[in-house]
**Student:** 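Before we start, here is the structure in question, set down as C-alpha coordinates.
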Amino acid sequence: MPLLTAAPARAAGPGDLVARDIHPTGWMSSSASEVNGRGEVIITATRTVDGEIQPPLGFVWRAGRHTALPPLPGGTGSLPHDINERGEVVGFCQSAVQLSRPCLWRQGQPHDLGTLDERGTGAALAVNDKGEVVGYNETFIRGGESHAFLWRRGVLIDLGGTGNRGAIGINNSSQVIGVHYTETGRRAFLWQQGTLTELGTLGGSESVPSDINERGQVVGTSTTADGTEHAFLWQDGRMTDLGTPTGDSGALAINDRGQVTGWTASNGVLNAFHWHRGVRTEFAGYVNDINERGWVAGTTTGEPQHALLWRDGRVITGDPARAVMDLNDRGMLAGWTNGPDGDRATIWR
(Lines give C-alpha, C1' and ligand atoms only; values in the text may rest on other atoms or scores of the structure.)
Protein backbone atom coordinates (compact mmCIF):
# COMPACT_ATOMS: atom_id res chain seq x y z
CA MET A 1 0.00 0.00 0.00
CA PRO A 2 1.44 3.41 -0.90
CA LEU A 3 2.49 5.70 1.91
CA LEU A 4 -0.06 8.53 2.16
CA THR A 5 0.77 12.09 3.17
CA ALA A 6 -1.10 15.40 3.03
CA ALA A 7 0.11 18.66 1.51
CA PRO A 8 -0.14 21.92 3.48
CA ALA A 9 -1.81 24.82 1.74
CA ARG A 10 -0.49 28.33 1.27
CA ALA A 11 -2.61 31.28 0.22
CA ALA A 12 -1.58 33.44 -2.69
CA GLY A 13 0.84 36.23 -1.99
CA PRO A 14 2.29 39.03 -4.13
CA GLY A 15 3.44 37.59 -7.44
CA ASP A 16 1.81 34.17 -6.94
CA LEU A 17 0.00 32.81 -10.03
CA VAL A 18 -1.01 36.13 -11.49
CA ALA A 19 -3.51 35.84 -14.36
CA ARG A 20 -3.03 37.32 -17.83
CA ASP A 21 -5.96 37.46 -20.24
CA ILE A 22 -5.00 36.14 -23.71
CA HIS A 23 -8.49 36.14 -25.23
CA PRO A 24 -8.42 36.85 -28.99
CA THR A 25 -10.16 40.09 -29.94
CA GLY A 26 -13.51 39.80 -31.68
CA TRP A 27 -14.47 36.39 -30.31
CA MET A 28 -17.18 35.60 -27.78
CA SER A 29 -15.52 32.77 -25.86
CA SER A 30 -12.08 31.16 -25.76
CA SER A 31 -10.08 28.54 -23.87
CA ALA A 32 -6.38 27.66 -23.69
CA SER A 33 -5.54 23.97 -23.55
CA GLU A 34 -1.77 23.44 -24.06
CA VAL A 35 1.47 25.37 -23.57
CA ASN A 36 4.95 24.33 -24.71
CA GLY A 37 8.34 25.18 -23.26
CA ARG A 38 8.67 28.28 -25.44
CA GLY A 39 5.49 29.74 -23.95
CA GLU A 40 3.40 29.11 -27.07
CA VAL A 41 -0.24 28.51 -26.07
CA ILE A 42 -2.94 26.95 -28.22
CA ILE A 43 -6.38 28.53 -27.98
CA THR A 44 -9.82 27.59 -29.29
CA ALA A 45 -12.23 30.49 -29.85
CA THR A 46 -15.96 30.54 -30.63
CA ARG A 47 -18.59 33.15 -31.45
CA THR A 48 -22.14 33.55 -32.72
CA VAL A 49 -23.42 35.43 -35.77
CA ASP A 50 -27.10 36.39 -35.81
CA GLY A 51 -27.68 33.98 -32.95
CA GLU A 52 -26.04 31.03 -34.72
CA ILE A 53 -22.97 29.33 -33.23
CA GLN A 54 -20.12 29.46 -35.73
CA PRO A 55 -17.36 26.84 -36.20
CA PRO A 56 -14.47 27.27 -33.75
CA LEU A 57 -11.12 28.70 -34.80
CA GLY A 58 -7.75 27.84 -33.33
CA PHE A 59 -4.96 30.26 -32.45
CA VAL A 60 -1.39 30.15 -31.18
CA TRP A 61 -0.55 32.87 -28.67
CA ARG A 62 3.03 33.86 -27.91
CA ALA A 63 4.36 36.96 -26.17
CA GLY A 64 1.20 38.99 -26.72
CA ARG A 65 0.57 38.00 -30.34
CA HIS A 66 -2.18 35.75 -31.72
CA THR A 67 -1.62 33.71 -34.90
CA ALA A 68 -4.73 32.11 -36.39
CA LEU A 69 -4.71 28.43 -37.36
CA PRO A 70 -6.66 28.54 -40.61
CA PRO A 71 -8.79 25.69 -41.95
CA LEU A 72 -8.16 23.93 -45.25
CA PRO A 73 -9.26 25.71 -48.43
CA GLY A 74 -13.04 26.06 -48.48
CA GLY A 75 -13.42 25.36 -44.75
CA THR A 76 -14.40 27.78 -42.01
CA GLY A 77 -13.23 26.23 -38.72
CA SER A 78 -10.32 24.58 -36.91
CA LEU A 79 -9.76 23.05 -33.48
CA PRO A 80 -6.22 22.45 -32.14
CA HIS A 81 -5.42 19.62 -29.72
CA ASP A 82 -1.65 19.59 -29.12
CA ILE A 83 1.55 21.56 -29.71
CA ASN A 84 5.15 20.31 -29.67
CA GLU A 85 8.41 22.05 -28.75
CA ARG A 86 8.93 23.12 -32.39
CA GLY A 87 5.63 24.99 -32.39
CA GLU A 88 3.89 22.47 -34.64
CA VAL A 89 0.18 22.13 -33.86
CA VAL A 90 -2.22 19.26 -34.56
CA GLY A 91 -5.99 18.94 -34.40
CA PHE A 92 -8.74 18.96 -36.95
CA CYS A 93 -9.82 21.48 -39.54
CA GLN A 94 -12.64 21.84 -41.99
CA SER A 95 -12.27 21.51 -45.73
CA ALA A 96 -14.70 22.43 -48.48
CA VAL A 97 -16.39 19.02 -48.20
CA GLN A 98 -15.48 17.60 -44.75
CA LEU A 99 -16.21 18.97 -41.29
CA SER A 100 -13.25 17.23 -39.64
CA ARG A 101 -9.92 16.45 -41.33
CA PRO A 102 -6.79 15.52 -39.34
CA CYS A 103 -4.47 18.53 -39.67
CA LEU A 104 -0.92 19.58 -38.87
CA TRP A 105 -0.07 23.27 -38.81
CA ARG A 106 3.53 24.25 -39.54
CA GLN A 107 4.38 27.95 -39.34
CA GLY A 108 0.66 28.63 -39.18
CA GLN A 109 -0.22 26.79 -42.40
CA PRO A 110 -2.54 23.74 -42.40
CA HIS A 111 -1.47 20.41 -43.87
CA ASP A 112 -4.10 17.72 -44.50
CA LEU A 113 -2.78 14.42 -43.07
CA GLY A 114 -5.19 12.32 -45.09
CA THR A 115 -7.46 9.49 -43.97
CA LEU A 116 -7.43 5.69 -44.08
CA ASP A 117 -10.37 5.36 -46.46
CA GLU A 118 -12.75 7.43 -48.52
CA ARG A 119 -14.97 8.41 -45.59
CA GLY A 120 -12.44 11.13 -44.99
CA THR A 121 -13.03 12.32 -41.41
CA GLY A 122 -11.04 12.22 -38.20
CA ALA A 123 -8.78 14.22 -35.90
CA ALA A 124 -5.13 14.45 -34.91
CA LEU A 125 -4.76 14.35 -31.12
CA ALA A 126 -1.03 14.41 -30.30
CA VAL A 127 2.32 15.26 -31.89
CA ASN A 128 5.85 14.51 -30.68
CA ASP A 129 8.93 16.67 -31.16
CA LYS A 130 9.85 14.78 -34.35
CA GLY A 131 6.59 15.86 -35.97
CA GLU A 132 4.99 12.40 -35.79
CA VAL A 133 1.22 12.62 -35.31
CA VAL A 134 -1.40 10.25 -33.88
CA GLY A 135 -5.18 10.33 -33.74
CA TYR A 136 -8.19 8.59 -35.21
CA ASN A 137 -9.98 8.20 -38.54
CA GLU A 138 -13.64 7.40 -38.98
CA THR A 139 -13.99 4.74 -41.70
CA PHE A 140 -16.61 2.73 -43.58
CA ILE A 141 -15.07 -0.52 -42.28
CA ARG A 142 -17.61 -2.85 -40.60
CA GLY A 143 -20.33 -0.24 -40.57
CA GLY A 144 -18.20 2.74 -39.53
CA GLU A 145 -15.32 1.85 -37.17
CA SER A 146 -12.89 4.49 -35.95
CA HIS A 147 -9.26 3.45 -36.44
CA ALA A 148 -6.12 4.67 -34.68
CA PHE A 149 -3.41 6.12 -36.91
CA LEU A 150 0.21 7.23 -36.87
CA TRP A 151 1.30 9.81 -39.45
CA ARG A 152 5.02 9.81 -40.12
CA ARG A 153 6.83 11.67 -42.90
CA GLY A 154 3.75 11.77 -45.10
CA VAL A 155 2.70 8.14 -44.56
CA LEU A 156 -0.50 7.24 -42.66
CA ILE A 157 -0.27 3.96 -40.70
CA ASP A 158 -3.25 2.01 -39.33
CA LEU A 159 -2.21 0.85 -35.84
CA GLY A 160 -4.60 -2.12 -35.71
CA GLY A 161 -6.63 -3.19 -32.71
CA THR A 162 -10.27 -4.22 -32.49
CA GLY A 163 -13.56 -2.32 -32.64
CA ASN A 164 -13.53 1.46 -32.44
CA ARG A 165 -10.08 2.70 -31.49
CA GLY A 166 -8.02 5.85 -31.33
CA ALA A 167 -4.48 6.91 -30.47
CA ILE A 168 -4.15 9.70 -27.89
CA GLY A 169 -0.44 10.09 -27.13
CA ILE A 170 3.07 9.59 -28.54
CA ASN A 171 6.54 10.10 -27.07
CA ASN A 172 9.78 10.95 -28.84
CA SER A 173 10.65 7.24 -29.16
CA SER A 174 7.53 6.83 -31.34
CA GLN A 175 5.73 4.77 -28.69
CA VAL A 176 1.98 5.34 -29.07
CA ILE A 177 -0.80 4.91 -26.51
CA GLY A 178 -4.48 4.57 -27.25
CA VAL A 179 -7.65 2.67 -26.51
CA HIS A 180 -9.63 0.07 -28.43
CA TYR A 181 -12.92 -1.67 -27.77
CA THR A 182 -13.06 -5.40 -27.01
CA GLU A 183 -16.05 -7.61 -26.28
CA THR A 184 -15.74 -6.79 -22.57
CA GLY A 185 -15.02 -3.05 -22.80
CA ARG A 186 -12.34 -0.46 -23.48
CA ARG A 187 -8.70 -1.53 -23.23
CA ALA A 188 -5.55 0.57 -23.16
CA PHE A 189 -2.84 -0.30 -25.67
CA LEU A 190 0.78 0.52 -26.43
CA TRP A 191 1.98 0.44 -30.03
CA GLN A 192 5.67 0.36 -30.87
CA GLN A 193 7.67 -0.77 -33.92
CA GLY A 194 4.61 -2.23 -35.59
CA THR A 195 3.33 -4.24 -32.61
CA LEU A 196 0.21 -3.40 -30.60
CA THR A 197 0.26 -4.61 -26.99
CA GLU A 198 -2.84 -4.55 -24.82
CA LEU A 199 -1.95 -3.30 -21.32
CA GLY A 200 -4.55 -5.34 -19.44
CA THR A 201 -6.53 -4.22 -16.40
CA LEU A 202 -6.41 -4.23 -12.59
CA GLY A 203 -8.82 -7.15 -12.51
CA GLY A 204 -11.82 -5.44 -14.07
CA SER A 205 -13.09 -5.17 -17.62
CA GLU A 206 -11.72 -1.80 -18.75
CA SER A 207 -8.60 0.34 -18.84
CA VAL A 208 -8.05 3.76 -20.42
CA PRO A 209 -4.62 5.41 -20.80
CA SER A 210 -4.02 9.12 -20.31
CA ASP A 211 -0.29 9.78 -20.72
CA ILE A 212 3.09 8.27 -21.65
CA ASN A 213 6.55 9.58 -20.76
CA GLU A 214 9.91 9.27 -22.52
CA ARG A 215 10.72 6.08 -20.57
CA GLY A 216 7.64 4.34 -21.95
CA GLN A 217 5.76 4.43 -18.65
CA VAL A 218 1.99 4.72 -19.12
CA VAL A 219 -0.63 5.98 -16.67
CA GLY A 220 -4.39 5.94 -16.75
CA THR A 221 -7.50 4.47 -15.12
CA SER A 222 -8.63 0.84 -14.86
CA THR A 223 -11.56 -0.92 -13.27
CA THR A 224 -10.85 -3.47 -10.55
CA ALA A 225 -12.60 -6.77 -9.84
CA ASP A 226 -15.25 -5.03 -7.70
CA GLY A 227 -15.98 -2.43 -10.40
CA THR A 228 -14.27 0.58 -8.84
CA GLU A 229 -11.88 2.74 -10.87
CA HIS A 230 -8.23 2.91 -9.83
CA ALA A 231 -5.25 4.88 -11.10
CA PHE A 232 -2.58 2.71 -12.71
CA LEU A 233 1.06 2.86 -13.74
CA TRP A 234 2.15 0.44 -16.46
CA GLN A 235 5.82 -0.29 -17.07
CA ASP A 236 7.88 -3.25 -18.29
CA GLY A 237 4.76 -5.29 -19.01
CA ARG A 238 3.22 -4.86 -15.56
CA MET A 239 0.29 -2.73 -14.38
CA THR A 240 0.57 -1.34 -10.83
CA ASP A 241 -2.43 -0.14 -8.81
CA LEU A 242 -1.91 3.44 -7.54
CA GLY A 243 -5.41 3.71 -6.08
CA THR A 244 -6.56 4.16 -2.51
CA PRO A 245 -8.01 1.22 -0.52
CA THR A 246 -11.50 2.74 -0.80
CA GLY A 247 -13.13 4.90 -3.44
CA ASP A 248 -12.24 5.66 -7.05
CA SER A 249 -9.14 7.22 -8.55
CA GLY A 250 -7.49 7.95 -11.87
CA ALA A 251 -4.02 8.96 -13.10
CA LEU A 252 -3.90 11.87 -15.54
CA ALA A 253 -0.25 12.65 -16.28
CA ILE A 254 3.31 11.41 -15.73
CA ASN A 255 6.66 13.15 -16.18
CA ASP A 256 9.98 11.62 -17.22
CA ARG A 257 11.01 11.10 -13.58
CA GLY A 258 8.02 8.81 -13.07
CA GLN A 259 6.06 11.31 -10.96
CA VAL A 260 2.30 10.93 -11.41
CA THR A 261 -0.67 13.17 -10.75
CA GLY A 262 -4.37 12.37 -10.77
CA TRP A 263 -7.56 12.34 -8.72
CA THR A 264 -9.21 10.37 -5.93
CA ALA A 265 -12.87 10.29 -4.88
CA SER A 266 -14.11 8.79 -1.62
CA ASN A 267 -17.34 9.43 0.32
CA GLY A 268 -18.21 12.30 -2.01
CA VAL A 269 -14.89 14.09 -1.48
CA LEU A 270 -12.68 14.73 -4.53
CA ASN A 271 -8.95 15.21 -4.01
CA ALA A 272 -5.87 15.47 -6.18
CA PHE A 273 -2.70 13.43 -5.68
CA HIS A 274 1.00 13.41 -6.47
CA TRP A 275 2.64 9.96 -6.52
CA HIS A 276 6.32 9.04 -6.72
CA ARG A 277 8.06 5.79 -5.81
CA GLY A 278 5.24 4.55 -3.63
CA VAL A 279 4.56 7.81 -1.79
CA ARG A 280 1.22 9.46 -2.57
CA THR A 281 0.52 13.00 -1.36
CA GLU A 282 -3.11 14.11 -1.46
CA PHE A 283 -4.44 17.66 -1.54
CA ALA A 284 -7.73 19.39 -2.36
CA GLY A 285 -8.04 20.48 -5.98
CA TYR A 286 -8.89 19.62 -9.57
CA VAL A 287 -5.65 18.88 -11.43
CA ASN A 288 -4.69 18.09 -15.02
CA ASP A 289 -0.93 18.11 -15.54
CA ILE A 290 2.55 17.71 -14.03
CA ASN A 291 5.79 19.17 -15.39
CA GLU A 292 9.37 17.86 -15.33
CA ARG A 293 10.04 19.67 -12.05
CA GLY A 294 7.26 17.69 -10.39
CA TRP A 295 4.93 20.69 -10.13
CA VAL A 296 1.21 19.96 -10.50
CA ALA A 297 -1.30 22.44 -11.96
CA GLY A 298 -5.05 22.74 -11.53
CA THR A 299 -7.73 24.72 -9.73
CA THR A 300 -9.01 24.91 -6.19
CA THR A 301 -12.27 23.29 -5.15
CA GLY A 302 -15.34 25.27 -4.11
CA GLU A 303 -16.46 28.65 -5.42
CA PRO A 304 -14.93 30.83 -6.59
CA GLN A 305 -12.16 28.67 -8.03
CA HIS A 306 -8.56 29.85 -8.22
CA ALA A 307 -5.47 28.71 -10.07
CA LEU A 308 -3.53 26.10 -8.08
CA LEU A 309 0.07 24.93 -8.19
CA TRP A 310 1.41 22.08 -6.05
CA ARG A 311 5.14 22.73 -5.74
CA ASP A 312 7.74 21.19 -3.49
CA GLY A 313 5.11 19.68 -1.22
CA ARG A 314 3.04 22.83 -0.80
CA VAL A 315 -0.15 24.12 -2.43
CA ILE A 316 0.00 27.66 -3.84
CA THR A 317 -3.16 29.40 -5.01
CA GLY A 318 -3.53 32.48 -7.16
CA ASP A 319 -5.92 34.56 -9.23
CA PRO A 320 -9.38 33.24 -10.23
CA ALA A 321 -9.61 30.36 -12.72
CA ARG A 322 -12.38 28.20 -14.13
CA ALA A 323 -10.01 25.54 -15.45
CA VAL A 324 -6.25 25.01 -15.68
CA MET A 325 -5.33 22.42 -18.30
CA ASP A 326 -1.54 22.50 -18.72
CA LEU A 327 1.75 23.92 -17.50
CA ASN A 328 5.29 24.06 -18.82
CA ASP A 329 8.61 23.66 -17.04
CA ARG A 330 8.92 27.43 -16.55
CA GLY A 331 5.77 27.37 -14.43
CA MET A 332 3.38 28.95 -16.94
CA LEU A 333 -0.17 27.63 -16.53
CA ALA A 334 -2.80 27.69 -19.30
CA GLY A 335 -6.58 27.46 -19.09
CA TRP A 336 -9.51 29.84 -18.90
CA THR A 337 -11.51 32.12 -16.62
CA ASN A 338 -15.15 33.17 -16.67
CA GLY A 339 -15.94 36.51 -18.31
CA PRO A 340 -19.22 38.43 -18.48
CA ASP A 341 -19.92 37.18 -22.02
CA GLY A 342 -18.13 33.82 -21.99
CA ASP A 343 -14.93 32.01 -21.11
CA ARG A 344 -11.61 33.77 -21.70
CA ALA A 345 -8.29 32.08 -22.47
CA THR A 346 -5.84 32.85 -19.66
CA ILE A 347 -2.32 32.11 -18.50
CA TRP A 348 -0.97 32.32 -14.95
CA ARG A 349 2.57 32.60 -13.68
**Student:** Check whether NZ of the Lys or CZ of the Arg Arg280 lies under 6.0 Å from the centre of the six-membered ring of Trp275 and within 45 degrees of that ring's axis.
**Tutor:**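 No, Arg280 and Trp275 do not form such a contact.
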
**Student:** Give the minimum heavy-atom separation between Gly294 and Gln259, together with the two atoms involved.
**Tutor:**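 Smallest interatomic distance, heavy atoms only, reads CA-OE1, 3.1 Å.
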
**Student:** Going by the disulfide bond (SG atoms under 2.5 Å apart) test, which pairs reach into residues 51-115, not counting sequence neighbours?
**Tutor:**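 Residue pairs with at least one partner in residues 51-115: Cys93-Cys103.
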
**Student:** Between Ser30 and His23, is there a side-chain donor-acceptor contact under 3.5 Å, judged purely by atom types and distance?
**Tutor:**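 Yes, side-chain donor-acceptor contact under 3.5 Å.
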
**Student:** State, to 0.1 Å, how close Pro102 and Ala123 come at their nearest heavy-atom pair, and which atoms those are.
**Tutor:**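 Looks like CG-N, 3.8 Å.
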
**Student:** Taking all heavy atoms of Trp151 and all of Gly131, pick out the closest pair and write down the distance.
**Tutor:**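 Heavy-atom minimum between the residues: CZ3-O, 3.6 Å.
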
**Student:** I would like to know whether Glu303 and Arg322 meet salt bridge (Lys or Arg N to Asp or Glu O under 4.0 Å); could you show each step before the answer?
**Tutor:** CA-CA 10 Å; Glu303 295 291 343; Arg322 174 49 60 184; 3.3 Å; yes

**Student:** Does the pair Trp105 and Ser78 meet the rule for a side-chain contact (heavy atoms from CB on, under 4.5 Å), with working shown?
**Tutor:** CA-CA 11 Å; Trp105 288 268; Ser78 64; 3.6 Å; yes

**Student:** Side chain of Arg165, backbone of Gly163: donor and acceptor closer than 3.5 Å?
**Tutor:**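 Yes, Arg165 side chain to Gly163 backbone: donor-acceptor pair under 3.5 Å.
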
**Student:** Looking at residues at least two apart in the chain, or sitting in another chain, which of them share a salt bridge (charged side-chain N to carboxylate O under 4.0 Å, His left out) with Glu229?
**Tutor:**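 Here no residue qualifies.
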
**Student:** Using a 3.5 Å distance criterion without hydrogens, assess whether the side chain of His66 forms a donor-acceptor pair with backbone atoms of Ile22.
**Tutor:**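 At least one qualifying donor-acceptor pair exists.
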
**Student:** Kindly compute the distance separating CD (Glu40) from CE (Met332), expressed to the nearest 0.5 Å.
**Tutor:**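 So the gap between those two atoms works out to 10.5 Å.
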
**Student:** For Ser146 and Asn164, which heavy atoms make the closest approach, and how far apart are they?
**Tutor:**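 Taking Ser146 first and Asn164 second, the nearest heavy atoms are N-OD1, 2.9 Å.
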
**Student:** Any chance you could measure Trp191, atom CH2, to Phe189, atom CZ, to the nearest 0.5 Å?
**Tutor:**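 Answer for the CH2-CZ pair, Trp191 versus Phe189, is 10.0 Å.
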
**Student:** Keeping the roles fixed (side chain from Asn267, backbone from Val269), state whether a donor-acceptor pair exists under 3.5 Å.
**Tutor:**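 Checked: no pair found.
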
**Student:** Just by distance, do the side chain of Asp326 and the backbone of Asp289 share a donor-acceptor pair under 3.5 Å?
**Tutor:**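 Checked: no pair found.
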
**Student:** Any chance you could measure Arg344, atom CZ, to Ile43, atom CD1, to the nearest 0.5 Å?
**Tutor:**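 Interatomic distance, Arg344 CZ to Ile43 CD1, rounded to 0.5 Å: 10.5 Å.
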
**Student:** Is it true that the side chains of Glu138 and Thr121 contain a donor and an acceptor less than 3.5 Å apart?
**Tutor:**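 Side chains of Glu138 and Thr121: pair found under 3.5 Å.
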
**Student:** Excluding sequence neighbours, so at least two apart, what forms salt bridge (charged side-chain N to carboxylate O under 4.0 Å, His left out) with Glu198?
**Tutor:**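 Applying salt bridge (charged side-chain N to carboxylate O under 4.0 Å, His left out) to Glu198 gives Arg187.
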
**Student:** Would you say Tyr286 and Leu252 are hydrophobically clustered, going by side-chain heavy atoms of ILVMFWY under 4.5 Å?
**Tutor:**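 Yes, same cluster.
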
**Student:** Look at atom CD1 of Ile53 and say whether more than 12 heavy atoms of other residues, nucleotides or ligands are closer to it than 6.0 Å.
**Tutor:**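 No - once you tally the heavy atoms of other residues, nucleotides and ligands closer than 6.0 Å, there are 12 at most.
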
**Student:** Test your reading of the model: is there a side-chain donor-acceptor pair from Asn137 to the backbone of Thr139, 3.5 Å cut-off?
**Tutor:**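 Looks like no, no N/O pair under 3.5 Å.
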
**Student:** Strictly by modelled atom types, are Arg101 and Gln94 linked by a side-chain donor-acceptor pair under 3.5 Å?
**Tutor:**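 Judged by distance alone, the side chains do not pair up.
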
**Student:** Any side-chain heavy atom of Phe283 sitting closer than 4.5 Å to one from Asn271?
**Tutor:**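 When only atoms from C-beta onward are counted, Asn271 and Phe283 do not touch, as no gap falls below 4.5 Å.
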
**Student:** Does Thr195 form a side-chain contact (heavy atoms from CB on, under 4.5 Å) with Gln193? I'd like the steps, not just the answer.
**Tutor:** CA-CA 6 Å; Thr195 299; Gln193 299 180 344; 5.8 Å; no

**Student:** Is Thr261 reaching over with its side chain to a backbone N or O of Phe273, donor-acceptor style, under 3.5 angstrom?
**Tutor:**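 Yes, because the side chain of Thr261 sits within donor-acceptor range (under 3.5 Å) of the backbone of Phe273.
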
**Student:** Quick one: closest heavy-atom pair of Ala167 and Ala148, and the distance?
**Tutor:**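 Looking at all heavy atoms of both residues, the closest pair is N-CB, 3.5 Å.
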
**Student:** Is Arg293 salt-bridged to Asp329, cutoff N-O under 4.0 Å?
**Tutor:**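 Salt bridge: no.
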
**Student:** Is the shortest side-chain heavy-atom distance between Pro110 and Leu69 below 4.5 Å?
**Tutor:**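 Pro110 does not reach Leu69 side chain to side chain.
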
**Student:** Can you tell me how far CG of Asn84 sits from CG of Leu104, rounded to the nearest 0.5 angstrom?
**Tutor:**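 Between Leu104 CG and Asn84 CG, I get 8.5 Å after rounding to 0.5 Å.
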
**Student:** Just jot down the ring pair (Phe, Tyr, Trp, His ring centres under 6.0 Å) partners of His274, sequence neighbours excluded, or say none.
**Tutor:**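 Trp310.
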
**Student:** Hydrophobic cluster mates of Met239, side-chain heavy atoms under 4.5 angstrom, ILVMFWY only, any path?
**Tutor:**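 So far as hydrophobic clustering goes, Met239 is joined with Leu125, Tyr136, Ile168, Ile177, Leu190, Leu199, Leu202, Ile212, Val218, Phe232, Trp234.
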
**Student:** Report yes or no: do Val134 and Ile157 belong to one cluster of Ile/Leu/Val/Met/Phe/Trp/Tyr joined by side chain heavy-atom distances under 4.5 Å?
**Tutor:**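 Linked, Val134 and Ile157 end up in one cluster.
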
**Student:** Go through the steps to decide whether Glu214 and Asn172 satisfy the test side-chain contact (heavy atoms from CB on, under 4.5 Å), and finish with yes or no.
**Tutor:** CA-CA 7 Å; Glu214 295 304 322; Asn172 290 327; 3.3 Å; yes

**Student:** Under the side-chain contact (heavy atoms from CB on, under 4.5 Å) rule, what do Thr221 and His230 come out as? Steps first, then yes or no, please.
**Tutor:** CA-CA 6 Å; Thr221 305; His230 278 203; over 6 Å; no

**Student:** Would you indicate whether the side-chain heavy atoms of Thr346 and Arg20 approach each other to under 4.5 Å?
**Tutor:**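 With C-beta onward as the side chain, the pair stays apart.
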
**Student:** Mark yes or no for whether Asn36, through its side chain, and Ile83, through its backbone, hold a donor-acceptor pair below 3.5 Å.
**Tutor:**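 Checked: no pair found.
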
**Student:** When clusters are formed by joining ILVMFWY residues with side-chain heavy atoms under 4.5 Å apart, either directly or through shared neighbours, do Leu79 and Leu113 land in the same one?
**Tutor:**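 Leu79 does not cluster with Leu113.
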
**Student:** Consider only side-chain N and O atoms of Asp343 and Asn338, and report whether a donor and an acceptor are under 3.5 Å apart.
**Tutor:**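 Asn338 and Asp343 do have a side-chain donor-acceptor pair below 3.5 Å.
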
**Student:** Out of Val287, Thr337, Thr299, which residue meets the side chain to side chain contact (heavy atoms under 4.5 Å, CB included) rule with Val324?
**Tutor:**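 Going through the options one by one, the only one that passes is Thr299.
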
**Student:** Do Pro304 and Pro320 come within less than 4.5 Å of each other through their side chains, counting heavy atoms only?
**Tutor:**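 Side-chain contact under 4.5 Å: no.
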
**Student:** Taking the side chain as C-beta and beyond, is there a heavy-atom pair between Ser266 and Thr244 under 4.5 Å?
**Tutor:**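 The answer is no, as the side chains (C-beta and beyond) never meet within the 4.5 Å cut-off.
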
**Student:** Over all heavy atoms of both residues, which pair between Ala188 and Pro209 is shortest? Give the atoms and the distance, please.
**Tutor:**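 The answer is CB-CD, 3.4 Å.
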
**Student:** Taking side chain as C-beta onward, heavy atoms only, is Leu116 less than 4.5 Å from Leu156?
**Tutor:**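 A side-chain contact exists here, since the closest heavy-atom pair is under 4.5 Å.
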
**Student:** Determine whether Asn213 and Gln217 make a side-chain contact, defined as any pair of heavy atoms from C-beta on separated by less than 4.5 Å.
**Tutor:**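 The answer is yes; the side chains approach within 4.5 Å.
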
**Student:** With sequence neighbours left out, what residues match Arg215 under salt bridge (charged side-chain N to carboxylate O under 4.0 Å, His left out)?
**Tutor:**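 Applying salt bridge (charged side-chain N to carboxylate O under 4.0 Å, His left out) to Arg215 gives none.
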
**Student:** Transitively linked via ILVMFWY side-chain contacts under 4.5 Å: Val315 with Ile290?
**Tutor:**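 Same cluster: Val315 reaches Ile290 through Ile, Leu, Val, Met, Phe, Trp or Tyr contacts under 4.5 Å.
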
**Student:** Look up atom CH2 in Trp348 and atom CG in Leu17, then write down how far apart they are to the nearest 0.5 Å.
**Tutor:**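 Result: 9.5 Å between the selected atoms.
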
**Student:** Look at the side chain of Glu292 and the backbone N and O of Asp256, then say whether any donor-acceptor pair between them is shorter than 3.5 Å.
**Tutor:**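 Pair found, side chain donor or acceptor close to backbone of Asp256.
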
**Student:** Quick one: CD1 on Ile316 to CG on Leu308, what's the gap to the nearest 0.5 Å?
**Tutor:**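 It comes to 9.0 Å.
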
**Student:** With a 3.5 Å distance limit and no angle check, can you tell me whether Asn255 reaches the backbone of Asn291 through a side-chain donor-acceptor pair?
**Tutor:**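 The answer is yes, because a donor-acceptor pair under 3.5 Å joins these two groups.
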
**Student:** Please check if any side-chain donor atom of His147 sits under 3.5 Å from a side-chain acceptor atom of Asp158, or the reverse.
**Tutor:**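 Yes, side-chain donor-acceptor contact under 3.5 Å.
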
**Student:** Tell me whether Thr224 contacts the main-chain N or O of Gly203 through its side chain, where contact means a donor paired with an acceptor under 3.5 Å.
**Tutor:**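 No: the side chain of Thr224 does not pair with the backbone of Gly203.
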
**Student:** Cation-pi check for Trp295 against Arg311: NZ or CZ below 6.0 Å from the six-membered ring centre and within 45 degrees of the axis, yes or no?
**Tutor:**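 Yes; both conditions hold, so Arg311 lies above the ring face of Trp295.
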
**Student:** Is any side-chain heavy atom of Leu309 less than 4.5 Å from a side-chain heavy atom of Val296?
**Tutor:**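 No, their side chains stay 4.5 Å or more apart.
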
